[in-house]
Amino acid sequence: MTSSETTMKETVQAKWNKRPLIISGPCSAETEEQVLETAQRLANTGKVDILRAGIWKPRTRPGSFEGIGTKGLPWMQQAKKLTGLPITVEVATAKQVEDALHFDVDVLWIGARTTVNPFSVQEVADALKGVNVPVLIKNPINPDLELWTGAVERVAKAGIDQIGLIHRGFSAYGNTEYRNAPMWHLAIEMKRRNPTLPFINDPSHICGRRDILLDVMQKAVNLDYDGFIIESHIDPDKAWSDAKQQVTPERLAEMLNEIVWRKEDTPSEEFHLALEKLRQQINHLDDELMQILGQRMKVAELIGEYKKNNEITILQTNRWNEILERAFGKGEKLGLSKEFITKYFDAVHMESINHQNKIMND
Ligand code: PEP
Ligand code: MN
């Protein structure tokens with residue numbers, strides 16, 4: 001290795017461990033000038049750690065811009081030389097891994113449309129054997145943590161020991177606010193299962209539009225994410241892909257300044273004592289909730305017995321609507337959202353139905 005290569009490896013290690021880790025750049029590399037100017041303007045903000053660009057673009061429908069291809073890799077190499085920033089691109093096939101490594105790409109990422117397909121992930125993993133490069137893995141398009149985990153396992157088995165996770169939201173039918181529904185609970189569960197892997201948020205692909213990026217970023221910071229991968233373009237409206245969600249490098253810097261950065265912990269003893277007391281209250285309330293839910297199921301079972309003896313169905317839709325309406329009325333006064341009440345009662349109702357069904361079949 002030459003000494004400049006050694007220095008770059010060290011830079012990449014330092015960036016990988018830095019918090020927050022900020023990765024930015026255009027959705028797609030379009031022209032040499034666009035890549036270089038974006039890189040320079042991002043570097044000028046002093047807030048970006050790694051430069052991204054899509055070289056091969058997996059598009060949902062044919063006919064839109066499918067990426068500039070291998071020809072864009074020397075532009076990225078040039079951008080690195082110009083700014084000193086390590087570079088990252090998406091790879092989906094063995095050939096793309098080979099090409100990216102040939103042009104000294106420092107970090108690779110596996111896209112959402114690849115994570116869904118174990119054949120593709122395995123092909124990429126096989127191409128990574130014997131290579132020492134950090135790999136970021138986006139969540140699959142569909143809300144399936146096992147697929148995401150499977151991709152992590154395949155890449156880890158190939159010998160890659162620096163793996164990071166990117167939360168970019170999930171496809172959801174009928175979802176309108178976001179391009180990809182964040183489904184934060186799934187991300188939180190993945191983070192819980194993989195506490196040592198860097199966990200990065202991709203607000204661009206979650207939002208699909210500029211105006212709500214900052215909200216999503218703040219939420220990610222509040223949930224203790226390790227950083228962002230966010231798209232930026234020198235002239236967002238003219239971008240060849242994902243125009244609506246990109247921001248200029250200068251706007252990105254402003255947004256990063258507007259975020260209230262929070263840390264997971266503080267050494268303050270006073271804070272810990274106060275928190276501990278409140279947590280005990282929560283534990284106590286949770287215990288009571290469990291008791292009450294258990295009692296509720298017992299009553300539901302008694303109702304089940306009556307229904308069985310009188311040969312009537314478990315479900316009476318009117319009664320169900322009545323329960324929900326009552327709960328909305330009460331819940332509103334207690335500051336509970338309709339969304340929460342619906343989810344909570346759906347779960348409680350399903351559990352009651354299962355208990356009653358068991359009684360009917362006994
Ligand atoms: C991208 O990062 O440009 C991209 C294609 O993202 P995703 O795989 O999340 O759709
Ligand atoms: Mn994109």
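Put simply, the side chain of Ile50 reaches to within 4.5 Å of the side chain of Val107, judged on heavy atoms. Two residues are said to be in side-chain contact when any heavy atoms from C-beta on lie closer than 4.5 Å; Val89 and Arg52 fail this criterion.
Relative ring orientation between Tyr225 and Trp184 is described as perpendicular, the plane-to-plane angle rising above 60° on a 0-90° scale split at 30° and 60°. Taking the six-membered ring where tryptophan is involved, the planes of His167 and Phe170 are tilted, since the angle between them lies from 30° to 60°.
The backbone N or O of Ser3 lies less than 3.5 Å from a partner atom in the side chain of Thr7, making a donor-acceptor pair. Proximity of a side-chain donor or acceptor of Lys80 to a complementary backbone N or O of Trp75 within less than 3.5 Å is not detected. Of the possible donor and acceptor atoms, none in the side chain of Arg168 sits under 3.5 Å from a partner among the backbone N and O of Asn139.
Salt-bridge check for Arg193 with Glu146: passed, with a basic side-chain N closer than 4.0 Å to an acidic carboxylate O.
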Pairs of donor and acceptor atoms involving the side chains of residues 22-39, under 3.5 Å and at least two apart or interchain, shall be tabulated with distances.
residue: Ser24; atom: OG; partner: Ile230; partner atom: O; Å: 2.7
residue: Ser24; atom: OG; partner: Ser232; partner atom: OG; Å: 2.9
residue: Ser28; atom: OG; partner: Ser241; partner atom: OG; Å: 2.6
residue: Glu30; atom: OE1; partner: His233; partner atom: NE2; Å: 3.1
residue: Glu30; atom: OE2; partner: His233; partner atom: NE2; Å: 3.0
residue: Glu30; atom: OE2; partner: Trp240; partner atom: N; Å: 2.8
residue: Thr31; atom: OG1; partner: Gln34; partner atom: N; Å: 3.0
residue: Gln34; atom: OE1; partner: Glu30; partner atom: N; Å: 2.7
residue: Gln34; atom: OE1; partner: Thr31; partner atom: N; Å: 3.4
residue: Gln34; atom: NE2; partner: Ser28; partner atom: O; Å: 3.1
residue: Glu37; atom: OE2; partner: Arg41; partner atom: NH1; Å: 2.7
residue: Thr38; atom: OG1; partner: Gln34; partner atom: O; Å: 2.5

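Arg296 and Ser352 are linked by a side-chain donor-acceptor pair at a separation below 3.5 angstrom, with hydrogens and angles left out of the test.
Checked against side chain to side chain contact (heavy atoms under 4.5 Å, CB included), Gln316 has the following partners two or more places apart in sequence or in another chain: Lys307, Ile312, Thr313, Arg319.
By the neighbour-count criterion of 12 heavy atoms within 6.0 Å, atom CD of Glu332 is sparsely surrounded, having that number or fewer from other residues, nucleotides or ligands.
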